[in-house]
Chemist: 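Next up is a structure, given as C-alpha cells.
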Amino acid sequence: MSLSLLPLPPFPFPSSPPSLSNRPTTLKFNERRRNNGVRVNNSSLDASSEEISRATLLWRAVKLPIYSVALIPLAVGAGAAYCETGLFFAKRYFVLLASSVLIITWLNLSNDVYDFDTGADKNKKESVVNIIGSRNKTQIGAIISLLLGFCGLIWAFLQSCDARFFLLVTYAILCGYVYQCPPFRLSYQGLGEPLCFTAFGPFATSAFYFASGTGLKLNATILSASVLVGITTTLILFCSHFHQIEGDLAVGKLSPLVRIGTKLGSKVVSIGIISLYILLGVFSSCKFLPPTSFLLCALTVSVGRKVVKFVQENHNDNVKIFMAKYFCVRLHALFGVALAFGLFLARRNLNINLKQI
C-alpha cells in the first residue's frame with residue numbers, strides 16, 4: 001500500500017474492464033472460501049449499506065486514519081536521523097509531511113478511479129467516485145494532489161542535496177504506480193502486499209531518513225526500523241481485503257484473501273503480528289535499535305493482541321470485519337510513534353550522559 005511513498009500520475013485513459021470469462025477459476029475460489037468457513041449474507045450487507053449515513057460515507061471516503069501511513073515513515077526516518085546526528089530540520093519535516101499527505105491523497109483517489117473502471121467499486125458507496133458522481137473530477141483531483149506533493153519532495157531534495165532520498169522516494173512512487181495503475185495493476189495479481197511493504201518500509205522510511213539530515217550513512221538502525229514500519233503498513237492493506245472478497249472475485253481481482261480464504265487469512269495476521277514483536281526483540285538484542293525504542297514499542301503488545309483476537313473472531317463476518325483495517329491503523333500509528341520517540345530519546349539520553357561526563 002504511508003508514503004504510502006507512492007505512484008506516478010494516473011494519466012493513462014481507463015481500459016475496459018477485465019474479462020470475466022475465467023469462470024472455473026472464480027468457482028474454484030468460491031469453493032475454497034466455503035471450505036474456509038466464509039459466511040456472507042448479501043441481503044444483510046445491502047441493508048446495512050442503506051443505513052449508512054452520508055456523514056459516515058464521507059468519513060470512510062476521506063480515510064483520515066489511513067493517513068498515518070504518511071506520518072509514520074517520515075517520523076521514524078526523522079527519528080533515526082536525529083538519533084544519528086542530533087539535528088532536526090523542522091521546516092523540511094513539515095514540508096515532507098504535507099507532501100506525503102498529498103501523495104497519499106493521490107493514492108486513495110486514483111485507486112477509487114481505477115477500481116471504478118474495473119467495476120470493483122460498483123457497490124462501494126464510500127468510493128469517492130460514487131459519492132461525487134464523477135470519475136473525471138476525481139482523477140483531476142488525484143493528479144493535482146500528486147503534482148503538489150511532488151513539488152514538495154523536489155524542494156526537500158534541493159534542501160538535503162542527497163540523491164539517495166530522491167531515488168528511494170521515486171522507487172516508492174513506482175511501487176504505488178504498478179500496484180494500481182494500468183497497464184500493470186499488480187494488485188489484481190495479489191502482489192499488493194509485497195509492493196506495499198517495499199514502498200512504505202525500506203524505500204520510503206529510508207528516503208525520509210536521508211532527507212532529514214546531511215551526509216547520513218545507511219546503517220542497521222534505519223534498515224531495522226524500516227522493516228518494522230513495512231510490516232505494520234502491510235497489515236493495514238492485508239486486512240482491508242477481508243470485507244471485499246465478493247467484489248474482488250466478481251472482477252477477477254486475486255487478492256491474497258481471495259486466494260487463501262479468510263480463515264487462513266486470520267492466521268496470516270496472527271503470524272504477521274507475532275513476527276513484528278519477535279523482530280523487534282531480535283533487532284534490539286543485536287543493538288540495531290536502542291533500548292528506548294524496544295521498551296516503548298513493547299507497550300503496544302496489547303494493541304497487537306486486540307488485532308489478532310478481533311480478526312480471529314470476526315474473519316467470516318463481512319460486516320464486523322470491515323473494522324479490522326482500522327485496528328491495524330491503530331497498531332501502525334502507536335507502534336510507529338513509539339519507535340520514532342524511542343529513537344529520539346536515545347539521542348537525548350546520549351546527550352545527557354555526555355554532559356555529565
Chemist: With rounding to the nearest 0.5 Å, note down the distance linking CG in Leu147 to CD1 in Ile103.
Modeler: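 The distance works out to 10.0 Å.
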Chemist: Identify, with sequence neighbours excluded, every residue that meets side chain to side chain donor-acceptor pair (under 3.5 Å) alongside Thr138.
Modeler: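 Not a single residue meets the side chain to side chain donor-acceptor pair (under 3.5 Å) criterion with Thr138.
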Chemist: What closest approach, in Å, do Gly152 and Ser99 show between heavy atoms, and which atom pair accounts for it?
Modeler: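 The pair with the smallest heavy-atom distance is CA-OG, 3.1 Å.
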Chemist: Roughly how far, to the nearest 0.5 Å, is CZ of Phe335 from OG of Ser68?
Modeler: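 Taking OG in Ser68 and CZ in Phe335, the distance rounds to 13.5 Å.
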Chemist: Determine the interplanar angle of the Phe203 and Tyr171 rings, folded into 0 to 90°, and report it as parallel if under 30°, tilted if 30 to 60°, perpendicular if over 60°.
Modeler: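 Phe203 and Tyr171: tilted rings.
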Chemist: So, taking the atom named OG in Ser100 and the one named CG in Leu107, what distance separates them when rounded to the nearest 0.5 Å?
Modeler: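 The CG atom of Leu107 is 12.0 Å from OG of Ser100, to the nearest 0.5 Å.
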Chemist: Side chain to side chain donor-acceptor pair (under 3.5 Å) with Thr232: which residues, sequence neighbours excluded?
Modeler: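 Residues passing side chain to side chain donor-acceptor pair (under 3.5 Å) with Thr232: His332.
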Chemist: Has the side chain of Ser187 got a donor or acceptor atom that lies under 3.5 Å from a matching backbone atom of Gly192?
Modeler: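 No.
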Chemist: If we ignore hydrogens and angles and just use 3.5 Å, is the side chain of Asp248 paired with the main-chain N or O of Ser255 as donor and acceptor?
Modeler: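 Judged by distance alone, no pair lies under 3.5 Å.
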Chemist: Do the side chains of Tyr114 and Gln139 get nearer than 4.5 Å, heavy atoms only?
Modeler: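 Yes. Closest side-chain heavy atoms under 4.5 Å.
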Chemist: Identify, with sequence neighbours excluded, every residue that meets side chain to side chain donor-acceptor pair (under 3.5 Å) alongside Asp162.
Modeler: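 Side chain to side chain donor-acceptor pair (under 3.5 Å) list for Asp162, sorted by chain: Arg164.
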Chemist: Before you tell me yes or no, could you show the steps for Glu193 and Val268 under side-chain contact (heavy atoms from CB on, under 4.5 Å), namely the whole-Å CA-CA distance, both residues' side-chain angles and the distance that decides it to 0.1 Å?
Modeler: CA-CA 12 Å; Glu193 279 68 18; Val268 171; over 6 Å; no
Chemist: Do Gln244 and Leu257 have side chains that approach each other closer than 4.5 Å (heavy atoms only, starting at C-beta)?
Modeler: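 They are not in side-chain contact.
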Chemist: Once side-chain contact (heavy atoms from CB on, under 4.5 Å) is applied, do any residues pair with Lys306, and if so which ones, sequence neighbours excluded?
Modeler: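 Testing Lys306 for side-chain contact (heavy atoms from CB on, under 4.5 Å), a comparison that skips the adjacent residues, returns none.
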Chemist: Without swapping roles, check the side chain of Ser293 against the backbone of Leu343 for a donor-acceptor pair under 3.5 Å.
Modeler: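 Yes, Ser293 side chain to Leu343 backbone: donor-acceptor pair under 3.5 Å.
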Chemist: Under the side chain to side chain donor-acceptor pair (under 3.5 Å) test, which residues partner Gln189, sequence neighbours left out?
Modeler: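 Gln189 satisfies side chain to side chain donor-acceptor pair (under 3.5 Å) with no residue once adjacent residues are dropped.
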Chemist: Indicate the atoms forming the closest heavy-atom contact of Gln312 with His315, along with that distance.
Modeler: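 Smallest heavy-atom distance, with atoms named: O-CD2, 3.2 Å.
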Chemist: Are Leu249 and Ile245 close enough, and set up right, to give a side-chain contact (heavy atoms from CB on, under 4.5 Å), and what steps lead you there?
Modeler: CA-CA 6 Å; Leu249 272 170; Ile245 293 179; 4.0 Å; yes
Chemist: Got a sec, which hydrophobics cluster with Leu148, joining ILVMFWY side chains under 4.5 Å apart, including via others?
Modeler: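 Hydrophobic cluster check, Leu148: joined to Leu102, Ile140, Ile144.
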Chemist: Between Pro256 and Phe238, is there a side-chain heavy-atom distance shorter than 4.5 Å?
Modeler: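 The answer is yes; the side chains approach within 4.5 Å.
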Chemist: So Phe157 and Phe166, would you call those rings parallel, tilted or perpendicular, with 30° and 60° as cut-offs?
Modeler: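 The arrangement is tilted - the two ring planes meet at 30° to 60°.
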Chemist: For residues 276-292, dump all side-chain donor-acceptor pairs below 3.5 Å to protein atoms at least two apart in sequence or in another chain.
Modeler:
{"residue": "Tyr277", "atom": "OH", "partner": "Thr300", "partner atom": "O", "Å": "2.9"}
{"residue": "Tyr277", "atom": "OH", "partner": "Thr300", "partner atom": "OG1", "Å": "2.7"}
{"residue": "Ser284", "atom": "OG", "partner": "Leu280", "partner atom": "O", "Å": "2.8"}
{"residue": "Ser285", "atom": "OG", "partner": "Gly281", "partner atom": "O", "Å": "3.1"}
{"residue": "Ser285", "atom": "OG", "partner": "Val282", "partner atom": "O", "Å": "2.8"}
{"residue": "Thr292", "atom": "OG1", "partner": "Gly342", "partner atom": "O", "Å": "2.6"}

Chemist: If you round to the nearest 0.5 Å, how far is CG of Leu109 from NZ of Lys137?
Modeler: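 Rounded to the nearest 0.5 Å, the NZ-CG separation comes out at 14.0 Å.
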Chemist: Closest approach of Gly304 and Leu331, non-hydrogen atoms and distance?
Modeler: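 Minimum heavy-atom contact is N-CD1, 3.9 Å.
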Chemist: Would you indicate whether the side-chain heavy atoms of Ile222 and Leu216 approach each other to under 4.5 Å?
Modeler: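 In short, these two side chains do not touch, never coming nearer than 4.5 Å.
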Chemist: Restricting to pairs with a member in residues 209-229, which pass side-chain hydrogen bond (donor to acceptor under 3.5 Å, both in side chains), not counting sequence neighbours?
Modeler: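 Sorted pair list: Glu84-Asn219, Tyr209-Asn219.
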Chemist: Please confirm whether the backbone N or O of Ala211 pairs with a side-chain atom of Arg92, one donor and one acceptor, at under 3.5 Å?
Modeler: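 Flag set: sc Arg92 to bb Ala211 pair under 3.5 Å.
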Chemist: Tell me, with the steps shown, if Thr105 and Tyr67 meet side-chain contact (heavy atoms from CB on, under 4.5 Å).
Modeler: CA-CA 8 Å; Thr105 300; Tyr67 282 84; 3.0 Å; yes
Chemist: At their closest point, which heavy atom of Gly230 faces which heavy atom of Phe197, and how far apart are they?
Modeler: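 So the two residues come closest at C-CD1, 3.3 Å.
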Chemist: With rounding to the nearest 0.5 Å, note down the distance linking CG in Leu168 to OG1 in Thr205.
Modeler: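 Answer for the CG-OG1 pair, Leu168 versus Thr205, is 10.0 Å.
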Chemist: Assigning hydrophobic clusters by single linkage (Ile, Leu, Val, Met, Phe, Trp, Tyr; side-chain heavy-atom cutoff under 4.5 Å), is Phe165 placed with Leu87?
Modeler: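 Result: no, two separate clusters.
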Chemist: Could you pull out all residues at least two apart from Phe344 that satisfy side-chain contact (heavy atoms from CB on, under 4.5 Å)?
Modeler: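 Tyr82, Phe341, Arg348.
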Chemist: Are Phe89 and Phe94 in one and the same hydrophobic cluster, where Ile, Leu, Val, Met, Phe, Trp and Tyr link if side-chain heavy atoms are under 4.5 Å apart?
Modeler: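 No, it is not one cluster - the side chains of Phe89 and Phe94 are not joined through contacts under 4.5 Å.
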Chemist: Which heavy atom of Asn111 sits nearest a heavy atom of Gln180, and at what distance?
Modeler: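 That would be CB-OE1, 3.1 Å.
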Chemist: Name all residues meeting the side-chain contact (heavy atoms from CB on, under 4.5 Å) criterion together with Ser275; count only those two or more places apart in sequence or in a different chain, and write none if there are none.
Modeler: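 Once residues adjacent in sequence are excluded, the partners of Ser275 under the side-chain contact (heavy atoms from CB on, under 4.5 Å) criterion are Ile271.
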Chemist: Taking all non-hydrogen atoms of both residues into account, name the closest pair between Trp106 and Ile143 and its distance.
Modeler: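 Smallest heavy-atom distance, with atoms named: CD1-N, 4.0 Å.
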Chemist: Measuring only between side-chain heavy atoms, which start at C-beta, is Asn108 closer than 4.5 Å to Asp112?
Modeler: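 No, their side chains stay 4.5 Å or more apart.
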Chemist: Please enumerate all residues that pass side-chain contact (heavy atoms from CB on, under 4.5 Å) together with Lys309, with sequence neighbours excluded.
Modeler: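 In terms of side-chain contact (heavy atoms from CB on, under 4.5 Å), with neighbours along the sequence ignored, Lys309 is linked to Glu313.
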Chemist: When rounded to the nearest 0.5 angstrom, what distance separates CZ in Arg259 from NE2 in His241?
Modeler: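 Nearest 0.5 Å value for the CZ-NE2 distance: 11.0 Å.
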Chemist: When Ile, Leu, Val, Met, Phe, Trp and Tyr are grouped by side-chain heavy atoms lying under 4.5 Å apart, directly or through other members, which residues fall in the same group as Val95?
Modeler: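 Besides Val95, the hydrophobic cluster comprises Trp155, listed by chain and residue number.
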Chemist: Tell me, with the steps shown, if Leu195 and Leu186 meet side-chain contact (heavy atoms from CB on, under 4.5 Å).
Modeler: CA-CA 9 Å; Leu195 288 168; Leu186 295 185; 3.9 Å; yes
Chemist: Can you find a pair of side-chain heavy atoms, one from Val307 and one from Phe310, that are under 4.5 Å apart?
Modeler: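 Result no, sub-4.5 Å side-chain heavy-atom pair not found.
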Chemist: Under a 4.5 Å cut-off applied to non-hydrogen side-chain atoms, are Leu97 and Leu71 in contact?
Modeler: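 Result yes, sub-4.5 Å side-chain heavy-atom pair found.
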